[in-house]
Amino acid sequence: MLIFVPNINERWIYTLDFIFRLRGIEYNITDSKEEFDKSDSSKFSFSTWNLGSVLNENKTTKQTISKENWKDVECLGFDKIADPLSSIFYVLSRMEEYAETKVDKHGRFEGESSLQYKYGWLEQCVCDRWAQAIVTQIEKEINSTLNYQLQKGEIIPTFDIDNTYAYSLKKGSRKYLSIIKDLLSLNLRRL
């Protein structure tokens, strides 16, 4: 399938690869209207959709972000424009972490500050849901099936090695000073 976008950049490529390539849908991308019009292959143009500006930018700009509905699917709205494509890029690239100034004591972005937490999406595969909604809408508009394949998810449990080996790898006085520090600060979990 040939896809027309206003201008090809890394944001568009990253987002479209997630939507199409991860689902086994082969596509080519163009920003040439002439090439798009001449093509005899299956094609789709995003120029018919009312999208925000996130994917066309090359830098991070301040935008008003809200929860909106696009084709009965909740997604992010950028300046009140529901945009599932930009939503995918925004969430996958963790774009909000670049603008957020509230961090924990280690200088890390706090999960409670994220829009996914705020909108109740933290435990959902929202990017996959948005991608599915986009593919379904494209199928309706081109009146054809894209024959996509869903990827099987896999859960890989991990644990924090730092806490597991908090004391065992330390030698001599360093080990005992760490234990005393944790006792004085009532860090019972670490103990």
Side-chain angles (χ1 to χ4, degrees), residues 1-33 35-37 42-102 109-146 148-151 153:
M1 175 168 40
L2 181 63
I3 295 176
F4 177 80
V5 298
N7 65 325
I8 298 173
N9 62 31
E10 294 301 318
R11 291 183 181 194
W12 272 106
I13 293 168
Y14 182 73
T15 305
L16 294 178
D17 278 350
F18 178 80
I19 295 168
F20 297 109
R21 288 229 163 84
L22 285 181
R23 284 155 187 79
I25 302 170
E26 288 300 317
Y27 79 96
N28 292 310
I29 185 173
T30 185
D31 55 4
S32 165
K33 191 72 170 143
E35 177 187 349
F36 183 77
D37 290 339
S42 176
K43 56 187 176 180
F44 180 78
S45 173
F46 280 110
S47 64
T48 61
W49 289 12
N50 183 26
L51 301 173
S53 62
V54 172
L55 293 180
N56 295 317
E57 297 172 346
N58 290 319
K59 59 183 179 179
T60 304
T61 59
K62 184 137 177 89
Q63 297 191 28
T64 304
I65 301 172
S66 56
K67 181 194 246 185
E68 302 292 335
N69 277 307
W70 180 82
K71 309 291 182 193
D72 296 325
V73 175
E74 288 181 339
C75 69
L76 296 175
F78 300 87
D79 294 329
K80 296 289 185 188
I81 299 171
D83 185 348
L85 287 128
S86 294
S87 297
I88 289 171
F89 178 78
Y90 189 85
V91 170
L92 288 181
S93 68
R94 302 301 309 139
M95 199 171 177
E96 69 184 319
E97 293 183 27
Y98 294 99
E100 182 61 46
T101 56
K102 186 178 177 187
F109 178 76
E110 292 184 328
E112 291 83 21
S113 299
S114 75
L115 290 174
Q116 286 178 270
Y117 179 83
K118 179 180 174 184
Y119 297 143
W121 300 338
L122 205 52
E123 300 294 325
Q124 299 176 19
C125 300
V126 290
C127 291
D128 286 317
R129 290 177 185 201
W130 295 329
Q132 179 63 42
I134 291 165
V135 169
T136 300
Q137 184 61 32
I138 291 172
E139 287 177 331
K140 287 179 186 174
E141 291 186 27
I142 66 172
N143 198 24
S144 180
T145 303
L146 295 177
Y148 57 90
Q149 302 157 6
L150 295 177
Q151 299 285 327

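Every heavy atom of this structure was used, including side-chain atoms; hydrogens, water molecules and symmetry mates were not. Nothing here was measured: the structure is a model prediction, and the numbers come from that model.
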**Report entry** side-chain contact (heavy atoms from CB on, under 4.5 Å) evaluation trace for Tyr117 with Glu110
**Finding:** CA-CA 10 Å; Tyr117 179 83; Glu110 292 184 328; over 6 Å; no
Requested in this report: With sequence neighbours excluded, tell me which residues meet ring-ring contact (aromatic ring centres under 6.0 Å, His included) with Tyr119.
Outcome: Trp121
Query raised in the report: Would you call Asp128 and Arg23 a salt bridge, taking side-chain N to carboxylate O under 4.0 Å as the test?
Result: yes
Query raised in the report: Are more than 12 heavy atoms from other residues, nucleotides or ligands located less than 6.0 Å from atom CD of Glu112?
Result: yes
Requested in this report: Would you confirm whether Glu96, through its side chain, and Tyr90, through its main-chain N or O, come within 3.5 Å as a donor-acceptor pair?
Outcome: no
Report task. For Gln137 and Lys71, indicate whether the former's side chain and the latter's backbone hold a donor-acceptor pair under 3.5 Å. Result -> no
Query raised in the report: Can Val54 and Met95 be said to form a side-chain contact (heavy atoms from CB on, under 4.5 Å), step by step?
Result: CA-CA 10 Å; Val54 172; Met95 199 171 177; 4.2 Å; yes
Query raised in the report: Judged by atom type as modelled, is there a donor-acceptor pair below 3.5 Å linking the side chain of Asn69 to the main-chain atoms of Asp72?
Result: no
Query raised in the report: Where is the tightest heavy-atom contact between Gln63 and Phe78, given as atom of each residue plus distance?
Result: OE1-CB, 3.1 Å
Query raised in the report: More than 12 foreign heavy atoms under 6.0 Å from NZ of Lys33: is that the case here?
Result: yes
Query raised in the report: Taking side chain as C-beta onward, heavy atoms only, is Leu16 less than 4.5 Å from Val5?
Result: yes
Query - Lys80 NZ: over 12 foreign heavy atoms closer than 6.0 Å - result: no
Query raised in the report: Near Glu10 CD, under 6.0 Å, is it more than 12 heavy atoms from other residues, nucleotides or ligands?
Result: no
Report summary line: Smallest heavy-atom separation, Leu55 atom then Trp12 atom, equals O-CD1, 3.4 Å
Report task. Using the ring-ring contact (aromatic ring centres under 6.0 Å, His included) rule, collect all pairs that involve residues 53-72, keeping only residues at least two apart or in two chains. Result -> Trp49-Trp70
**Report entry** Lys67 (side chain) donor-acceptor with Glu74 (main chain) under 3.5 angstrom
**Finding:** no
Requested in this report: Taking Asp79 for its side chain and Thr64 for its backbone only, find out whether a donor-acceptor pair lies under 3.5 Å.
Outcome: yes
Query raised in the report: Step by step, would you call Arg94 with Ser114 a side-chain contact (heavy atoms from CB on, under 4.5 Å)?
Result: CA-CA 9 Å; Arg94 302 301 309 139; Ser114 75; 4.1 Å; yes
Report task. Please confirm whether Lys43 makes a cation-pi placement over Phe4, using NZ or CZ under 6.0 Å from the six-membered ring centre and within 45° of the ring normal. Result -> no
Query raised in the report: Has the side chain of Ser87 got a donor or acceptor atom that lies under 3.5 Å from a matching backbone atom of Leu76?
Result: yes
Query raised in the report: If we ignore angles and hydrogens, is there a donor and acceptor under 3.5 Å between the side chains of Ser66 and Glu68?
Result: yes
Requested in this report: Verify the distance criterion only: is there a donor paired with an acceptor across the side chains of Ser32 and Thr30 at less than 3.5 Å?
Outcome: no
